[in-house]
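Notes for the one structure printed next.
Excluded from the calculations below are hydrogen atoms, water molecules and symmetry mates; all remaining heavy atoms, backbone and side chain alike, are included. Please read these numbers as outputs of a predicted model, since none were measured by experiment.
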Amino acid sequence: MAGIIGAIGPGAEEHFSDDFRSSIALGGTSASRSSSLPRLRMATVAPSERLLPGRVVESPAGLFMLAGHIVADAPIDWEDVLAKFRTQDFSFLGTWSGRFALAVFDRSSSELYLVTDRLGQYPLYVAADERGLAFSTSQASFCRWLDSPDLNTDWFLDLFLANFSFSHSSFLRGVSRLEPASVIRIDQEGSARGRWQYAPDYRTRPVGGGKEDEVRRAIGVFKERMPRYAADTERLVLGLTSGFDSRAVLAMFAGHPGLSGFTYGIAGCEDIKVGQKLARAAGLDYRTVVFDDEFENRLGDLMVETVWLSGGLQSCTRASLLFAYRRLLAECPDVDAILSGVSGDQLFRGHGNVPSIVSAFVSHLFEHGAFSPEMRSDFEGMFVDPGRAMERMTRFESFVKERYGDPTDTATHLGYLTYEVPAEYFAGEACLVDNLADFRSPFCDRDIVDLAYSSRLSSRTFSRYKDAGYGNLQKNYLMAELISTEPRAAAVPIQRRPVRAFASGKPIAYYAASAFSRLKRLLTGDRPQPHLENWNRWFAGPMKGRIDRLLAPGARCERVLARSFIDRCIRESDAFWLNKLVTAEIVMRLAEEGWRASRLLDETA
């Protein structure tokens, strides 16, 4: 994976080994720059030499290393950045957007600053001991830094409770992840000398004007902000789906001369059919990645590699993404960046995509305000230490209330989807892309996120966890209006209805289009479409033998999970829980091996 890595302190020079540095150069990442200074070692890694420029800046005053991509209102003057850091003026960082982690070394004071982006999308981990402080954009690096890596049981409990660690922790004890919008200053001994939050958390605020005013404001924000994510690129690839979020991104980028599209999935699925039509309408160069025999034959290795390359942030069932990105970029090796519509549904359509992103447990909390006795009983029955599981569940409930507010409030749901999902779930997807190209998510732009918090046509109103009397028409209205600004993006029906049926905001037009769609399906004998993916079949079919070997008695995950629960999931071929079980097992085994995958791949082949 690409990123930044380093160490500062009395042991930095001795212990910053090639083995430690290579922990962020997995999967064939081929370009890096290193710097060696007294008591400081740093390196940045990119997928290729072509993508490395701009990630390292050196001057007599300072050294700057960047992971990711910054969208700033003006060209960045790094000397000015350092001057402001010296006066502890970090507020300007709040004007930056993008997904990034930054290391800044001040030569005059011999102090190091570490910075995270405003939503914490690009992870940055630290660990301190007598050698000093080590940092990396991958938690997996610390399997090679710590003398005796010790697994953090709570991280695995969180995986089964919330689908990811809700406290931005690591699967290793003694390793912490920096909070969003953070600056930390470290001296030459490796001691933290200050921590700052450079921008306040987003908060909902009163909205003025009518619905048409909100639409005009939203269109203005999207048209002004989204193109900035392509300002430094020649070739972009956008994933096209049958949904609203990627279509809205297409509407904003359809005029980019280097834009192409792709879709992945099982042959004949709705996403591929719609993606092909959209590409034709927009005149895009287009590719499909079909989950064929090659995919199924390689699936066992792909699942291990997905967890390995993402540093434990991505679950094994996103092996489909790794396969798709590899095949795509093998055909398009000179792509500058992959554009994604991730977070669009979460910010503007109230979606948490249960159970993939927001778990059934968290969904229950959002709907009812507390975990029911039945939910608590189900959860504690999974683990060898039910008491610890109950403590963690109670802590999660308190965390949501303290961090975001009333669990049943739509503003709480928006806050959780803004800060927890991009930083955890989507960060894993981005890590997979980082091995191959640049990953850009325009929906996580500062002004677009602020728009979600200041509009009634967003998830602050349209939360799927609260019945507020709205329907499919209302929650899709704003996104449909955005899509309608570009005729090429609006040319293809969405959910089998014309885009204008949503954008009109008029129930009669929407229901007429819905009735016509149902009648057409009835008259033409329309058959059900294949799913995008079919993990129930893959787990029960081509992967069954491998899963049986991986989760056989004596599996590492038995340290946390009850054997009876493991056996039930295997017996029932429950894809949802098997995904978590296999992911947990892979993480534990990779941690034992210093985050090296070769033995695990051999043992489970």
Side-chain angles (χ1 to χ4, degrees), residues 119-120 151-171 173 176-180 197 201-204 313 315 343 346-347 350-428 453 459-468 560-562 565 576-577 579-581 583-584:
L119 295 181
L151 292 173
N152 175 16
T153 301
D154 286 345
W155 188 90
F156 296 92
L157 295 174
D158 294 351
L159 175 66
F160 285 81
L161 173 63
N163 290 345
F164 41 71
S165 172
F166 65 83
S167 56
H168 298 308
S169 62
S170 165
F171 58 72
R173 296 186 187 278
S176 59
R177 179 172 173 172
L178 299 188
E179 292 290 323
Q197 181 180 358
D201 293 343
Y202 289 99
R203 291 282 185 261
T204 57
L313 284 176
S315 64
S343 284
Q346 284 70 46
L347 290 172
H351 281 206
N353 295 342
V354 175
S356 298
I357 295 176
V358 174
S359 72
F361 291 112
V362 178
S363 178
H364 179 89
L365 176 65
F366 287 166
E367 291 169 3
H368 302 284
F371 291 119
S372 68
E374 293 78 14
M375 277 284 180
R376 290 180 175 275
S377 177
D378 288 345
F379 188 64
E380 70 175 347
M382 300 178 187
F383 301 99
V384 295
D385 186 351
R388 183 59 184 167
M390 287 298 91
E391 289 177 14
R392 199 62 183 166
M393 201 174 208
T394 300
R395 177 70 192 95
F396 177 80
E397 190 175 314
S398 299
F399 165 79
V400 169
K401 292 175 181 177
E402 294 165 4
R403 177 77 170 82
Y404 300 109
D406 179 357
T408 64
D409 193 321
T410 57
T412 294
H413 307 161
L414 176 58
Y416 187 87
L417 294 172
T418 300
Y419 282 101
E420 305 301 318
V421 171
E424 296 289 347
Y425 186 88
F426 290 138
Y453 276 78
S459 296
R460 67 175 283 182
T461 301
F462 305 133
S463 170
R464 71 176 298 160
Y465 311 107
K466 189 167 185 176
D467 182 5
V560 178
L561 295 152
F565 172 68
F576 176 70
W577 291 117
N579 173 33
K580 294 175 180 293
L581 283 168
T583 300

Got a second to check how far [X]'s [atom1] is from [Y]'s [atom2], nearest 0.5 Å?
X	Y	atom1	atom2	answer
Leu581	Phe565	CG	CZ	5.5 Å
Leu347	Thr418	CG	OG1	5.0 Å
Phe396	Leu365	CZ	CG	6.0 Å
Leu161	Ser359	CG	OG	5.5 Å
Trp155	Arg173	CH2	CZ	13.5 Å
Glu380	Met375	CD	CE	13.5 Å

How are the rings of [X] and [Y] set to each other: parallel, tilted or perpendicular (split at 30° and 60°)?
X	Y	answer
Phe166	Phe399	tilted
Trp577	Phe361	tilted
His368	His364	tilted

For residues [X] and [Y], report the shortest heavy-atom separation together with the two atoms involved.
X	Y	answer
Tyr453	Gly415	OH-CA, 3.3 Å
Tyr416	Ala162	OH-CB, 3.9 Å
Pro407	Gly369	CG-O, 3.8 Å
Phe160	Phe156	CD1-O, 3.2 Å
Thr410	Ser463	CG2-CB, 3.8 Å
Ala411	Asp409	N-OD1, 2.9 Å

### Query
According to the salt bridge (charged side-chain N to carboxylate O under 4.0 Å, His left out) rule, which pairs have a member within residues 384-393, sequence neighbours left out?
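Applying salt bridge (charged side-chain N to carboxylate O under 4.0 Å, His left out) to every pair that reaches into residues 384-393, excluding sequence neighbours, yields Asp154-Arg388, Asp154-Arg392, Asp158-Arg392, Arg388-Glu391.
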### Task
Name all residues meeting the side chain to side chain donor-acceptor pair (under 3.5 Å) criterion together with Thr408; count only those two or more places apart in sequence or in a different chain, and write none if there are none.
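Thr408 satisfies side chain to side chain donor-acceptor pair (under 3.5 Å) with Asp406 once adjacent residues are dropped.
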### Query
Taking it one step at a time, do Met393 and Arg376 satisfy side chain to side chain contact (heavy atoms under 4.5 Å, CB included)?
CA-CA 8 Å; Met393 201 174 208; Arg376 290 180 175 275; 3.8 Å; yes
### Task
Would you check if the side chain of Ser377 reaches a backbone N or O of Pro373 as a donor-acceptor pair within less than 3.5 Å?
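Checked: no pair found.
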Between [Y] and [X], is there a side-chain heavy-atom distance shorter than 4.5 Å?
X	Y	result
Leu414	Tyr202	no
Thr412	Lys401	no
Asn163	Ile357	no

### Task
Determine, step by step, whether Asp201 and Arg403 satisfy the side chain to side chain contact (heavy atoms under 4.5 Å, CB included) criterion, reporting the C-alpha distance in whole Å, the side-chain angles of both residues, the deciding distance to 0.1 Å, and the verdict.
CA-CA 10 Å; Asp201 293 343; Arg403 177 77 170 82; 3.0 Å; yes
### Query
Stepwise, does the side chain to side chain contact (heavy atoms under 4.5 Å, CB included) test hold for Phe164 with Leu159?
CA-CA 4 Å; Phe164 41 71; Leu159 175 66; 5.8 Å; no
### Task
Please report the C-alpha distance between Phe379 and Phe371 in whole Å, then the side-chain angles of each, then the deciding distance to 0.1 Å, and finally whether the ring-ring contact (aromatic ring centres under 6.0 Å, His included) criterion is met.
CA-CA 10 Å; Phe379 188 64; Phe371 291 119; 8.0 Å; no
### Query
Just checking, any donor-acceptor pair under 3.5 angstrom between side chains of Glu420 and Tyr404?
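Yes, side-chain donor-acceptor contact under 3.5 Å.
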### Message
Between Phe426 and Gln346, does the side chain to side chain contact (heavy atoms under 4.5 Å, CB included) criterion hold? Intermediate values first, please.
### Response
CA-CA 11 Å; Phe426 290 138; Gln346 284 70 46; 3.6 Å; yes
